[in-house]
Amino acid sequence: QVQLVESGGGLVPAGGSLRLSCAASGRTFSTYVMGWFRQAPGKEREFVASISRSGGTLYYADSVKGRFTVSRENAKNTVYLEMNSLKPEDTAVYYCAAKMTIFVKITQEDYDYWGQGTQVTVSS
């Protein structure tokens, strides 16, 4: 069982930056592929980024490529999402998720554990 807690959300003007963190419980964090997802009001939850167990393989949604960076510190049981050049359309609740697997490119339905989410609001 893994518990995930996101933090770092907030209100930021367009063009600004935020760094989200997701802290995981347990001793096996390094065995989990981690993903970031977001859900805007009235929209379905969508993939943002994912990172392999070692941090060596990264995937991003096209909408965030070049602006967002996912990373992890296995020694701290934490995964991060650095968000730069934020746009109003990035406004959403951001969730982290975990899956014990070797495959990084998986669907959101494959993830086993989810955090409660953190709100990111980008003002125009």
Side-chain angles (χ1 to χ4, degrees):
Q1 192 79 351
V2 175
Q3 291 186 327
L4 304 172
V5 179
E6 301 96 335
S7 61
L11 174 63
V12 62
S17 299
L18 278 176
R19 188 195 198 200
L20 305 184
S21 299
C22 172
S25 64
R27 304 177 184 177
T28 59
F29 179 72
S30 61
T31 65
Y32 287 86
V33 165
M34 300 299 295
W36 284 99
F37 295 83
R38 66 186 182 186
Q39 186 167 21
K43 295 187 176 182
E44 293 187 351
R45 188 167 59 192
E46 64 176 5
F47 169 77
V48 174
S50 60
I51 184 167
S52 64
R53 298 177 301 175
S54 67
T57 302
L58 313 174
Y59 285 111
Y60 296 96
D62 288 343
S63 58
V64 306
K65 275 182 186 175
R67 300 189 298 122
F68 290 13
T69 302
V70 61
S71 62
R72 66 190 296 162
E73 286 189 80
N74 286 343
K76 294 185 177 181
N77 281 19
T78 303
V79 62
Y80 305 98
L81 186 67
E82 183 77 33
M83 306 186 295
N84 298 311
S85 302
L86 282 162
K87 306 175 182 179
E89 50 264 43
D90 294 318
T91 295
V93 177
Y94 282 71
Y95 301 90
C96 68
K99 170 73 176 180
M100 187 179 285
T101 180
I102 61 172
F103 303 107
V104 186
K105 214 170 186 180
I106 57 177
T107 68
Q108 60 175 295
E109 289 75 19
D110 290 324
Y111 284 87
D112 294 319
Y113 304 101
W114 292 83
Q116 83 290 347
T118 185
Q119 177 71 48
V120 171
T121 303
V122 184
S123 61
S124 56

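Keep in mind that what you see is a predicted model, and the values were worked out from it rather than measured.
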Legend entry - Over all atoms of both residues, closest heavy-atom pair of Asn77 and Phe29: OD1-CB, 3.3 Å

Inset, instruction - Evaluate side chain to side chain contact (heavy atoms under 4.5 Å, CB included) for Arg45 paired with Val93, printing each intermediate quantity in order. - result: CA-CA 9 Å; Arg45 188 167 59 192; Val93 177; over 6 Å; no

Legend entry - Backbone N/O of Ser7 and side chain of Thr118: donor-acceptor pair under 3.5 Å: no

Inset, instruction - Say whether Phe47 and Tyr80 are linked into one hydrophobic cluster, either directly or through other cluster members, by side-chain heavy-atom distances under 4.5 angstrom. - result: no

Legend entry - pair Val120-Leu20: side-chain heavy atoms closer than 4.5 Å: yes

Legend entry - pair Leu81-Val48: side-chain heavy atoms closer than 4.5 Å: yes

Inset, instruction - Test Val70 against Tyr60 for side chain to side chain contact (heavy atoms under 4.5 Å, CB included), laying out the working first. - result: CA-CA 9 Å; Val70 61; Tyr60 296 96; 3.5 Å; yes

Legend entry - Residue from Thr57, Val104, Leu58 passing side chain to side chain contact (heavy atoms under 4.5 Å, CB included) with Ser50: Val104

Inset, instruction - Find the distance between CG (Asn84) and OG1 (Thr69) and round it off to the nearest 0.5 Å. - result: 6.5 Å

Legend entry - CG-CD distance between Leu18 and Glu82, expressed to the nearest 0.5 angstrom: 8.5 Å

Inset, instruction - Just do the salt bridge (charged side-chain N to carboxylate O under 4.0 Å, His left out) check on Asp110 and Lys99 with the steps written out, would you? - result: CA-CA 7 Å; Asp110 290 324; Lys99 170 73 176 180; 5.7 Å; no

Inset, instruction - Under the side chain to side chain contact (heavy atoms under 4.5 Å, CB included) rule, what do Ile106 and Thr101 come out as? Steps first, then yes or no, please. - result: CA-CA 9 Å; Ile106 57 177; Thr101 180; 4.1 Å; yes

Legend entry - Over all atoms of both residues, closest heavy-atom pair of Ala24 and Leu4: CB-CD2, 3.6 Å

Inset, instruction - Please confirm whether the backbone N or O of Gly9 pairs with a side-chain atom of Arg19, one donor and one acceptor, at under 3.5 Å? - result: no

Inset, instruction - Nearest 0.5 Å please: distance from the OG atom of Ser52 over to the OH atom of Tyr59. - result: 9.0 Å

Inset, instruction - For the pair Gln119 and Tyr94, evaluate side chain to side chain donor-acceptor pair (under 3.5 Å) and give the outcome as yes or no after the intermediate values. - result: CA-CA 6 Å; Gln119 177 71 48; Tyr94 282 71; over 6 Å; no

Legend entry - Distance flag, aromatic centroids of Tyr111 and Phe37, threshold under 6.0 Å: yes

Legend entry - Least distance between heavy atoms, Pro13 atom then Ser123 atom: CA-OG, 3.3 Å

Inset, instruction - Identify the heavy atoms of Arg72 and Ser54 that sit nearest to each other, and give their distance. - result: CD-C, 4.5 Å

Legend entry - Spacing of Met100 atom CE and Thr28 atom OG1 [to the nearest 0.5 Å]: 4.0 Å

Inset, instruction - Check the pair Lys87 / Asp90 against salt bridge (charged side-chain N to carboxylate O under 4.0 Å, His left out), numbers first and verdict last. - result: CA-CA 5 Å; Lys87 306 175 182 179; Asp90 294 318; over 6 Å; no

Legend entry - Audit row: Val2, Tyr32, side chain to side chain contact (heavy atoms under 4.5 Å, CB included) steps and yes/no: CA-CA 10 Å; Val2 175; Tyr32 287 86; 3.2 Å; yes

Legend entry - Flag side-chain contact, heavy atom, 4.5 Å: Val79 against Glu73: no

Inset, instruction - Verify whether one side chain among Tyr95 and Gln116 offers a donor that lies under 3.5 Å from an acceptor in the other. - result: no

Legend entry - Heavy-atom closest contact (Arg38 atom, Ser63 atom, distance): NH2-OG, 3.5 Å

Inset, instruction - Assess whether atom CD of Glu109 is packed by more than 12 heavy atoms of other residues, nucleotides or ligands within 6.0 Å. - result: yes

Legend entry - Shortest non-hydrogen contact between Ala92 and Ala40, atoms and distance: CB-N, 3.8 Å

Inset, instruction - Using atom types as modelled and distance alone, determine if a side-chain donor or acceptor of Asn74 lies under 3.5 Å from a backbone N or O of Arg53. - result: yes

Legend entry - Side chain proximity check, Glu6 to Trp36, heavy atoms < 4.5 angstrom: yes

Legend entry - Any side-chain heavy-atom pair of Met83 and Arg67 under 4.5 Å: no

